[in-house]
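Source: prediction; values computed, not measured. Order of listing sets the numbers, starting from 1, for every ligand and every atom in it.
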Amino acid sequence: MVTVAEAEKIIESQARDYGTELVPFEQSLGRVLAEDLFADRDLPPCNRVTMDGIAIRFNSFERGILVYKVKAIIAAGDVPTDITDEDECVEIMTGAALPDSADTIIRYEDVEIVNGIATIVANDIRKGQNLHLKGRDKKQGDIVAKAGQVIGPAVVSMAASVGKSELWVKKLPRVVIITTGDELVDVRDQPTPHQVRRSNNYTIKAVLAQFALQADMLHIPDDLEITRKIIKESLKYYDVLLMSGGVSMGKFDYVPRVLEELGVTKLFHKVQQRPGKPFWFGKDERGVLVFAFPGNPVSTFLCLHRYFLPWLMESKVESRKSEVYAVLGEDVTFSAPMQYFMQVRVGVNEQGQLIATPDEGNGSGDFANLLDSDAFMELPMGKIDFKKGEVFRIWPFKKIG
Ligand code: AMP
Ligand code: MG
């Protein structure tokens, strides 16, 4: 048996680099950018108009000219028409390129235009107003997005702007989810009273999908031969096996035994924690990792968030790793000699602090309670009384705040 801290260290030491691949930028959301993105030209690429109105030379206005002949109307995307005389202007739209001969935009609200003659009706006009100047945001060749970050909507938008239709991203591991158990039937089957529909595979798949990670699913009955065959095949084709069930002390819990027979080295079995104590972790000589979680749905869920996701972040070389802490909202007592992951609801108080209120449910079989709670609060081992107001780390599994 290892402690939570030891288990975490062992798993962290097995972080992997799966290399990089090129993907269409529309499919890159949630992936980790593996190259810097550069501005292919100045941003903005021209002096861009930011208000619909007229363009003049500020010089003319300074000299007292308030009435201008409209020489042309310039739309966004047009090649700009120059003005030549000091009492000329062009009507010009937001997003259009300013002609070099003009330097100031007066919005429609501040002019009256009748029969092609524009009269300025405002006094407060500044030189260069309502313009977004060429190269103001980024110069050609500047880095606009750094490698190592998770690709969010802003990076997708920037990739589109600089014409990067394909992006180098960190490759993800090939993952298979393997559930075990004779009592488990397919979601579309009608279970007898002594059977249940299997859900852990869908839970795991859904959590992984939030991190742009696809996974295959397999199910094995509690049968030694079949367990051996399926695990053996899976070790050939995948980088990571995420297993659920069959790792406890039961007569039909074959998973640890089969894994070791097939050359998967046990790095630990059992963690001093609740829920999820029977968690088994190992690797084979090719470096394939096996996270074999206990089958109780809350145990699987906790182990996935507490151990697998941090490993994934580490392996994806995500530059921004965040640790979230919350204030305990009530006194709690927990006397067993193990680290307790307590389900909590998380809210925000008037000071902007996260407040965690215990919402414990009925143990690791009570997956219905996961719909009421928002996070696991990690209560350190060796302490019995946890007081309202103390701060502990939380592992959110929903958007909080
Ligand atoms: P085990 O770890 O195999 O002893 O399973 C512990 C408990 O979790 C049993 O009550 C199982 O029925 C349940 N369980 C195991 N795997 C799943 C699964 N994939 N979906 C839902 N419940 C499961
Ligand atoms: Mg089982």
Among all protein heavy atoms, pick the one closest to [atom] and tell me residue, atom and distance.
atom                    : value
atom 3 (O) of ligand 1  : Gly246 N, 2.9 Å
atom 14 (N) of ligand 1 : Gly295 O, 3.3 Å
atom 18 (C) of ligand 1 : Asn200 ND2, 3.3 Å

Using a strict cut-off of less than 4.0 Å between a Lys/Arg side-chain nitrogen and an Asp/Glu carboxylate oxygen, indicate whether Arg257 and Glu261 qualify as a salt bridge.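 Yes, Arg257 and Glu261 are salt-bridged.
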Pull out every atom of ligand 1 sitting under 4.0 Å from any heavy atom of [X], numbered as shown with elements.
X      : value
Glu183 : 9 (C), 11 (C), 12 (O)
Ser244 : 16 (N), 19 (N)
Thr179 : 19 (N)

Angle between ring planes, Phe252 versus Tyr254, binned at 30° and 60°: parallel, tilted or perpendicular?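 Rings of Phe252 and Tyr254: perpendicular, as their planes differ by over 60°.
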Measure the acute angle between the ring planes of Phe279 and Tyr307, then classify it against the limits of 30° and 60° as parallel, tilted or perpendicular. tilted
Mind jotting down which residue pairs meet the side chain to side chain donor-acceptor pair (under 3.5 Å) criterion with at least one end in residues 114-125? Sequence neighbours excluded, please.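 Listed by first then second residue: nothing to list.
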Going by the 4.0 angstrom heavy-atom rule, the piece of Val247 near ligand 1 is neither
Counting heavy atoms only, which of Thr300, Asn296, Val196, Asp182 is nearest atom 7 (C) of ligand 1?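 Looking at heavy atoms only, Asn296 sits closest to atom 7 (C) of ligand 1.
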Based purely on interatomic distance, does Ser199 place a nitrogen or oxygen under 3.5 Å from a nitrogen or oxygen of ligand 1?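 N/O-N/O distance under 3.5 Å: yes.
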Under 3.5 Å, is there a donor-acceptor pair linking the side chains of His132 and Asp137?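 Side chains of His132 and Asp137: pair found under 3.5 Å.
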Would you say Gly250 contacts ligand 1, with heavy atoms under 4.0 Å as the rule?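 Gly250: no contact with ligand 1 (<4.0 Å).
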Let me know which of Asp359, Val324, Asp374 forms a side-chain contact (heavy atoms from CB on, under 4.5 Å) with Val346.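 Going through the options one by one, the only one that passes is Asp374.
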Does the pair Asp216 and Arg174 meet the rule for a salt bridge (charged side-chain N to carboxylate O under 4.0 Å, His left out), with working shown? CA-CA 9 Å; Asp216 294 334; Arg174 288 165 300 175; over 6 Å; no
